[in-house]
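Notes to accompany the following structure.
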Amino acid sequence: MPNTPLLDKVRFPADLKSLSDRELRQLADELRAETIAAVSETGGHLGAGLGVVELTVALHAVFDTPRDRLIWDVSHQCYPHKILTGRRDRIRTLRQKDGLSGFTKRSESPYDPFGAAHSSTSISAALGFTMARELGGAPDPALGDAIAVIGDGSISAGMAYEALNNAGHLGRRMFVILNDNEMSIAPPTGAMSSYLSRLYTDKPVQELKNAMKGALSLLPGPIQQGARRAKDLLKHVTVGGTLFEELGFNYVGPIDGHDLEQLLWVFRTLRERADEPMLIHILTKKGKGYAPAEDAADRGHARAKFDLVTGKQQKAPSNAPSYTKVFAESLIAEAQRDDRIVAVTAAMPDGTGLDLFAKHFPQRMFDVAIAEQHGVTFCAGLAAGGMKPFCAMYSTFLQRGYDQVVHDVAIQRLPVRFAIDRAGLVGADGATHAGSFDIAYLANLPGFVVMAAADEAELVHMVATAVAHDDGPIAFRFPRGEGEGVEMPERGMPLEIGKGRLIHEGSRVAILSFGTRLGEVLRACESLRAKGISPTVADARFAKPLDRDMILRLARDHEALITIEEGAIGGFGSHVAQLLADEGVFDLGIKFRSMVLPDIFIDQANPRDMYDVAAMNAPQIEAKVLDVLSIAQLGKRA
């Protein structure tokens, strides 16, 4: 445990008000040490939090949280914030079952005024709080200032500019802090990244002339004796001539985000004097203060538990290849045979495996930054132009581009291939990152083909299927983590569209699986056979189009039919039920059950525990079979 005498005295941000600037500097050092120590035990997002330690201390020392609403964009950088806001005693439960969320969460603390985990929402939320204050909103605590902290990666998304434009038009006092560390999850890409770089490498556009003339008059009373220091600071603080001013914001920066004295002075001055929207541009270093993070390619973005001294992560040995790596290697193999294959991701090349693809085909991989809407329509344009685009996004992130999926892809029947990673329940990131809804929101679109891989070998074949499919959009989903350890094919072979496969022929009850719950189904059946019950097991492969012949035969030859999927209600099981209803099968007395994710958002835990909550592990599948058979009275029908 680090030695933290000052931090030990801080329970809530109000405790910072009595500390001198020198003590706040010491507090920041202790806070950084405590953050590193905690994450070494829990794993989690390390680099982002280390980059905002001084910023976190300065904001809580100057502003009056929780009355002043501090909103962290994405919020994976909020661990130091949580330590300072009454949650230090639970910080070593981060991202664990019944523990603290790895993101801000309204239900967790009044110091988390707005939940996050997806990017680019903070400015919109801050403007909402600002206008609620202006219009007399009276929550508890009362509304003060709104402060949005947004990264250079997050500000690349269109929603951030929609909010900046609206906030600039309304002209009310609010604060946007642009935390510019030249890296979001992957190194930022695009014109905005280049623009921000120029802002702090070019000669300053305009000195704060008025402030230089009368720096003393601008300073709050307690700081006036530091006027000489203020004058030095002002040489490095510029405003004017920026895109942000064109959008209606007063721009201040760039500022060294690790110079606590400078941050304190700027925040105190602006809190005292600002009466319009302010954008404060700070420069930080992701992973700051911990060499193993600073030296890592991703600056310590996401970490398993690690050794505090060496930074070496304690990752369990792999028993099977990860689904993500299988996808990447399969796509690379296909791209070697077909030069029309291109790959697109939204700021997640490592997470989707496309960093591996880029090493082989740097001209055929596009990282569009945190811009899923643009990414989907970009793929639509590529498809219309005769290419074979693979749009590789997490299920939960693809939701952000859904309108484009409908209007720009589906309606035009363009052959965009959607590779949907992190399908189902993903573990420590919790509900915000769970891939719960993509089956439902894609399978209801006319002309869409929707597949789910039951294991890593099936994923190889589904990549090949997507390559070969030119008649409209096609999607395939796969989970986070390791595969089942099955034998891998030498080469993927295209599957027949809309055809499932029979895994085991049994009697009385049929289990129709869509996705990787198939492994749990087979484990449940082992136990059931010991009880003299031998279910038929089938792998649907396709949620759309359904294998009508197989499903109707399963219904005809069994007392009961159970579907199971790693998705919310409205997905595969709903489509099967619609087919059975349309064909009059329910009129004949079939017992039908659909195992789907429950109608709740499941908090973080390890995936197995989350699927226990969802009642979708082998014991619950076995119980479902026993339950349905105990009430089935009709016997086997001809």
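Keep in mind that this is a model prediction, so the values were computed, not measured.
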[X] [atom1]: over 12 foreign heavy atoms closer than 6.0 Å:
X: K305; atom1: NZ; result: no
X: L356; atom1: CG; result: yes
X: F601; atom1: CZ; result: no
X: R548; atom1: CZ; result: no

Can you tell me how far the [atom1] atom of [X] sits from the [atom2] atom of [Y], to the nearest 0.5 Å?
X: L425; Y: M610; atom1: CG; atom2: CE; result: 4.5 Å
X: E372; Y: S120; atom1: CD; atom2: OG; result: 8.0 Å
X: Q620; Y: D612; atom1: CD; atom2: CG; result: 5.0 Å
X: S330; Y: Y323; atom1: OG; atom2: OH; result: 12.5 Å
X: D429; Y: R480; atom1: CG; atom2: CZ; result: 6.0 Å
X: L554; Y: I511; atom1: CG; atom2: CD1; result: 11.0 Å

Mind checking whether H45 and F103 have parallel, tilted or perpendicular rings, split at 30° and 60°? tilted
Would you call the rings of F390 and F327 parallel, tilted or perpendicular if under 30° counts as parallel and over 60° as perpendicular? tilted
Could you go through D603 and D98, starting from their C-alpha distance and side-chain angles, then the distance that decides it, and tell me whether this counts as side chain to side chain contact (heavy atoms under 4.5 Å, CB included)? CA-CA 8 Å; D603 287 333; D98 301 324; over 6 Å; no
If you define the side chain from C-beta out and look only at heavy atoms, does anything of [X] sit under 4.5 Å from [Y]?
X: R87; Y: S109; answer: yes
X: D438; Y: L398; answer: no
X: D403; Y: Q373; answer: no
X: F476; Y: V463; answer: yes
X: R417; Y: V467; answer: no
X: L580; Y: V576; answer: yes
X: L626; Y: L528; answer: yes
X: I370; Y: V74; answer: no

If we ignore hydrogens and angles and just use 3.5 Å, is the side chain of [X] paired with the main-chain N or O of [Y] as donor and acceptor?
X: N617; Y: R608; result: yes
X: S513; Y: D539; result: no
X: S322; Y: K325; result: yes
X: S75; Y: W72; result: no
X: E559; Y: L629; result: no
X: T465; Y: L495; result: yes
X: S527; Y: A524; result: no
X: S395; Y: I420; result: no
X: R541; Y: E496; result: no
X: Q604; Y: A428; result: no

Inspect the contact between [Y] and [X] and indicate whether a charged nitrogen and a carboxylate oxygen are less than 4.0 angstrom apart.
X: E334; Y: K388; value: no
X: D547; Y: R501; value: no
X: E520; Y: R523; value: yes
X: R413; Y: D471; value: yes

Does anything in residues 566-576 pair up under side-chain hydrogen bond (donor to acceptor under 3.5 Å, both in side chains), and if so which pairs, sequence neighbours excluded? T516-E566, R517-E566
Mind running side chain to side chain contact (heavy atoms under 4.5 Å, CB included) on R508 and I533 for me, showing each step along the way? CA-CA 8 Å; R508 298 196 68 195; I533 301 167; 5.6 Å; no
Run H81 and D112 through side-chain hydrogen bond (donor to acceptor under 3.5 Å, both in side chains) and show every step you take. CA-CA 9 Å; H81 160 81; D112 292 357; 2.9 Å; yes
Show your reasoning for whether side chain to side chain contact (heavy atoms under 4.5 Å, CB included) applies to C391 and V376. CA-CA 7 Å; C391 183; V376 171; 4.3 Å; yes
Pair D421, T352: side-chain N/O donor-acceptor within cut-off below 3.5 Å: no
Ignoring hydrogens and geometry beyond distance, is a side-chain donor-acceptor pair present between Q578 and D582 at under 3.5 Å? yes
Audit row: L445, K544, side chain to side chain contact (heavy atoms under 4.5 Å, CB included) steps and yes/no: CA-CA 9 Å; L445 297 177; K544 190 169 189 179; 5.6 Å; no
Ring pair (Phe, Tyr, Trp, His ring centres under 6.0 Å) partners of F514, counting only residues at least two apart: F572
